Every structure is written in C-alpha cells, then in structure tokens.
Student: 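After the structure tokens below, expect a handful of questions from me.
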There are 2 protein chains.
Amino acid sequence: MRLTTRGRYAVTAMLDLALHGDKGPISLADISQRQEISLSYLEQLFAKLRQMDLVSSVRGPGGGYRLSRDCTAINVAEIIDAVNESIDATSCNGKGNCQNGGVCLTHYLWDDLSQQIHRFLSGITLDSLVQQQEVRPVMLSGAE
Amino acid sequence: MRLTTRGRYAVTAMLDLALHGDKGPISLADISQRQEISLSYLEQLFAKLRQMDLVSSVRGPGGGYRLSRDCTAINVAEIIDAVNESIDATSCNGKGNCQNGGVCLTHYLWDDLSQQIHRFLSGITLDSLVQQQEVRPVMLSGAE
DNA sequence: TAAATAACATAGTTTTTTAGTCGGAATTAC
DNA sequence: GTAATTCCGACTAAAAAACTATGTTATTTA
C-alpha cells in the first residue's frame, strides 16, 4: 500500500485549486510557490490528474488548470487513485492469490482495511476540505 | 505512511505463532517454511517484536518464540507499530509543523485518516484473526 | 509576427526504503 | 562437544519515490 507525499501533494494541489479556482485557471507555478512543491513534479502529477479527468487545462499565457467538476463532486480517494497506483493494502492487489494461488493467512484483514480506508477517503470531498479550511484557523500557508 | 510487506509479514508471523503456539515455542525456521518468508528477515522482524515485548524467546534446541501475552490481548496495530516506524499518514509525524512550522493545508485530513486506520487495526486482535481463520474456509495455504 | 507564457512530454538522477544476505556469536538441550 | 536455535551487526541489491533537466507545443499579447 502506498500513501506517500505523492498522494499528499496531489490532494494539496487540488485543494489549492479549489481554494483559488474562482479567479480563472491557476498556473502550476502559483501552486508550486504557495505549496512549496517542485514545478516539474507538479507537472507530472497533473498529467495524471488530467488523464483521470479531474482537472482540465488551458494553455498559453494566463492559462493553467481548473477543476473539471464542482468541488462537491471530487473526493480524496479519486485524487489519490489518480496519482498513486492504488490504496490497496493486500500484497496480491485484491486478487486473492497471495500464497500459492490461494489467499494468504491475512488476506481478508488487508482487504478489509483497504475498503475501510477507501470508504473514509471517498467520503471526503474537496468541498468539505474547503469548509474545514474556513473554520479552522489557517496559521499561515501564504500570508506572513 | 508505510504499510508494506514488512508489516504484513509481521502480522502473518504473529498469527502463525497464535495458531501453532500451543505446542510450545515455535522456531523461526518453521514459520519461514510455512509462510514463505526468509529466515534472516524474520530474525530482524522478531528482534523488534521482542523489543516491544510482543513475543518472548527460548534459545537453544527446541527453542523458538511464543506470544508474550494471550492472543486476545495483542492487536494488529501494535504489531505494525513494532516493525514499521508508524502508521502515521501525515508528513510531519503528527507534529503539525508541515509547512513553515505551521500545519499544511491537508494536515487534519491525514491526521484524521491516521486515527481512523489506527482505530481499525487496534480493534483487531490476534485472537479474532484466529477465529476468522477457523470460520472462513482456508482455500489452500498448505493443502491442495 | 515575435516574444512570452504556460501546458505537455520524456528521460535521467538522486535519495530513501525495502527486502534480503552474510558471517558469526551466545545459549542451551542432548 | 555438537547441533539447534536465538541473537547481532553490517552489508548489498533492487525498487520506489522524489526530484531535475531539457526540450516541444499551443496560445496569448504586444
């Protein structure tokens, strides 16, 4: 199972889009500055986000990215799925052939855990993160 | 966050202990054979499990490991904690200094997720895995 | 039309982690 | 004393993650 900075970066960048997206397309350079993520790395991540139709792009000066759906209709699990291979915790990718073609001792445990995580993350929309942002005091992240 | 074969191996090995532990101490060589995990690697894992007092060892011929507590009193979260650094999903290890000493945009999301996973895994005891083993038909894992 | 801006594409590099190896030392049953 | 076993530390190979570099293409604007 993988849940590393890649997934975190992707969610952070998408949230940045959700927060600033009302002012037209947002360039990766902006996100790069605000969130302290390397531009080239962002480009790689956004290539995948675009493939999964989570964002759409506008090229040329003044261009950038915008969410391709309303932020109430994009959840965190989708974002992580798009950039990470998966959030599966089993060794067999859910196939159940972990040991000699059969399920290993702990297959169901990891399978259940994966479902648990997926259920949790898919219940959280970008919008709900935006709401939370407005309630919880944003220490700095930009200002200061 | 890390949840890889290391943690899976550890849980599998501990479950093997729980399943066979009634016949006195179990050698790592046995577990290595049954679960198809390299002996040397098991030794490393059990060093950590022993440090955390999850297992106790008996040296010499006929020796091996046994659970240091009843299998109703050992949960999966402990096991993973013992061999993996942690099951924390934040980048700051829960410290909240992810960005310029403050919390990053998505800190609370990962913090919540970590708690969720921890709660799930700590609710599952070795004993409950043993029960499950007896109920769910063990496709092969040895037989067939 | 030229220059600037930004996405798009791909290849390569560095760093970290994982998984596993190796060689040996200590302990204990027989 | 020998064999089985844990214990210990260093080492290595391979994979993945994180990041860099270099360019190409589309689009706007002056």
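Letters A, B, ... are given to chains in the order of the sequence lines, protein chains preceding strands, and every chain is numbered from 1. Since the model is a prediction, treat every value here as computed from it, not as a measurement.
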Student: Given dT20(D), dC22(C), dA7(C), identify the nucleotide with an atom nearest to the side chain of S38(A).
Tutor: dT20(D)

Student: Could you run through nucleotides 10-15 of chain D and give me one letter per nucleotide, 5' to 3': B if any protein heavy atom sits under 4.0 Å from the base, S if only the sugar-phosphate is that close, - if neither?
Tutor: B-----

Student: Using OP1 and OP2 only, check whether a side-chain N or O of Y9(A) sits under 4.0 Å from dC19(D).
Tutor: yes

Student: Can you measure L42(A) atom CG to dT20(D) atom P for me and round it to whole angstrom units?
Tutor: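 To the nearest whole Å, that distance equals 11 Å.
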
Student: Where the side chain of S40(B) is concerned, which of dC22(C), dA9(C), dA7(C) is the nearest nucleotide?
Tutor: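 Selected nucleotide: dC22(C).
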
Student: Could you state the atom-to-atom distance from CD of Q33(B) to C1' of dT5(D) in whole Å?
Tutor: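 Between C1' of dT5(D) and CD of Q33(B): 15 Å.
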
Student: Nearest-Å distance, CD1 (I37(A)) to P (dT20(D))?
Tutor: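 Taking CD1 of I37(A) and P of dT20(D), I get 12 Å after rounding.
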
Student: Starting the side chain at C-beta, find the nucleotide from dA6(C), dG20(C), dT6(D) nearest to S27(A).
Tutor: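 Out of dA6(C), dG20(C), dT6(D), the nucleotide with an atom closest to S27(A)'s side chain is dA6(C).
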
Student: Nearest heavy atom decides the nucleotide; on that basis, is A47(B) or G7(A) closer to the 5' end of DNA chain D?
Tutor: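 That would be A47(B).
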
Student: Round to a whole Å and report the spacing from CG of L17(A) to C1' of dA7(C).
Tutor: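 About 14 Å, once rounded to whole Å.
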
Student: Can you check whether G64(A)'s main-chain N or O pairs, donor with acceptor, with R59(A)'s side chain at less than 3.5 Å?
Tutor: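 It does not hold such a pair.
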
Student: Without decimals, in angstroms, what is the distance between I26(A) CD1 and dA7(C) P?
Tutor: 10 Å

Student: Given dC19(D), dT18(C), dA7(C), which nucleotide is nearest the side-chain atoms of Y41(A)?
Tutor: dC19(D)

Student: Could you run down the sub-3.5 Å N/O contacts of the protein with nucleotides 26-30 of chain C?
Tutor:
unit_1	atom_1	unit_2	atom_2	d
dA26(C)	N3	R59(B)	NH2	2.9

Student: Just jot down the side chain to side chain contact (heavy atoms under 4.5 Å, CB included) partners of Q33(A), sequence neighbours excluded, or say none.
Tutor: none

Student: Who are the side chain to side chain donor-acceptor pair (under 3.5 Å) partners of E36(A), not counting sequence neighbours?
Tutor: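 By the side chain to side chain donor-acceptor pair (under 3.5 Å) rule, E36(A) matches N100(B).
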
Student: Using the side chain to side chain donor-acceptor pair (under 3.5 Å) criterion, which residues pair with D111(B)? Sequence neighbours excluded.
Tutor: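 For D111(B) there are no side chain to side chain donor-acceptor pair (under 3.5 Å) partners, ignoring immediate neighbours.
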
Student: For residues 66-76 of chain A, please give each side-chain donor-acceptor pair under 3.5 Å, one per line with the distance, not counting sequence neighbours.
Tutor:
unit_1	atom_1	unit_2	atom_2	d
S68(A)	OG	D53(A)	O	2.6
S68(A)	OG	L54(A)	O	3.1
R69(A)	NH1	A73(A)	O	2.9
R69(A)	NH1	E78(A)	OE2	3.1
R69(A)	NH2	E78(A)	OE2	3.2
D70(A)	OD2	T72(A)	N	2.9
D70(A)	OD2	T72(A)	OG1	2.6
N75(A)	OD1	A77(A)	N	3.0
N75(A)	OD1	E78(A)	N	3.0

Student: Tell me, please, which residues at least two apart from F120(B) pass ring-ring contact (aromatic ring centres under 6.0 Å, His included).
Tutor: none

Student: Per the ring-ring contact (aromatic ring centres under 6.0 Å, His included) rule, what does the pair list look like for residues 59-80 of chain A, sequence neighbours excluded?
Tutor: F46(A)-Y65(A)

Student: Residues two or more places apart in sequence or in another chain: which of them pass side chain to side chain donor-acceptor pair (under 3.5 Å) with T106(A)?
Tutor: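 Partners of T106(A) under the side chain to side chain donor-acceptor pair (under 3.5 Å) test: W110(A), T12(B).
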
Student: Any donor and acceptor pair, going by atom type alone, linking the side chain of H20(A) with main-chain N or O of D16(A) inside 3.5 Å?
Tutor: yes

Student: Roughly, in whole Å, what's the span from CG in L39(A) to C1' in dT22(D)?
Tutor: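 It works out to 13 Å between those atoms.
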
Student: Quick one: is R50(B) getting a side-chain N or O under 4.0 Å of the dC8(D) phosphate, OP1 or OP2?
Tutor: yes

Student: Start with the C-alpha gap between I31(A) and L28(A), add the side-chain angles, then the distance that decides, and say whether side chain to side chain contact (heavy atoms under 4.5 Å, CB included) holds.
Tutor: CA-CA 5 Å; I31(A) 299 181; L28(A) 292 189; 4.2 Å; yes

Student: What's the NZ-C1' distance between K48(B) and dT6(D), to the nearest Å?
Tutor: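 Atom-to-atom, K48(B) to dT6(D), this comes out as 18 Å.
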
Student: I80(A) has an atom CD1; how far is it from atom P of dA17(D), in whole Å?
Tutor: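 That distance rounds to 13 Å.
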
Student: Could you check whether F46(B) gets within reach of a base, just the sugar-phosphate, or nothing at all, counting any heavy atom under 4.0 Å?
Tutor: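 Answer is nothing: F46(B) stays at 4.0 Å or more from every strand.
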
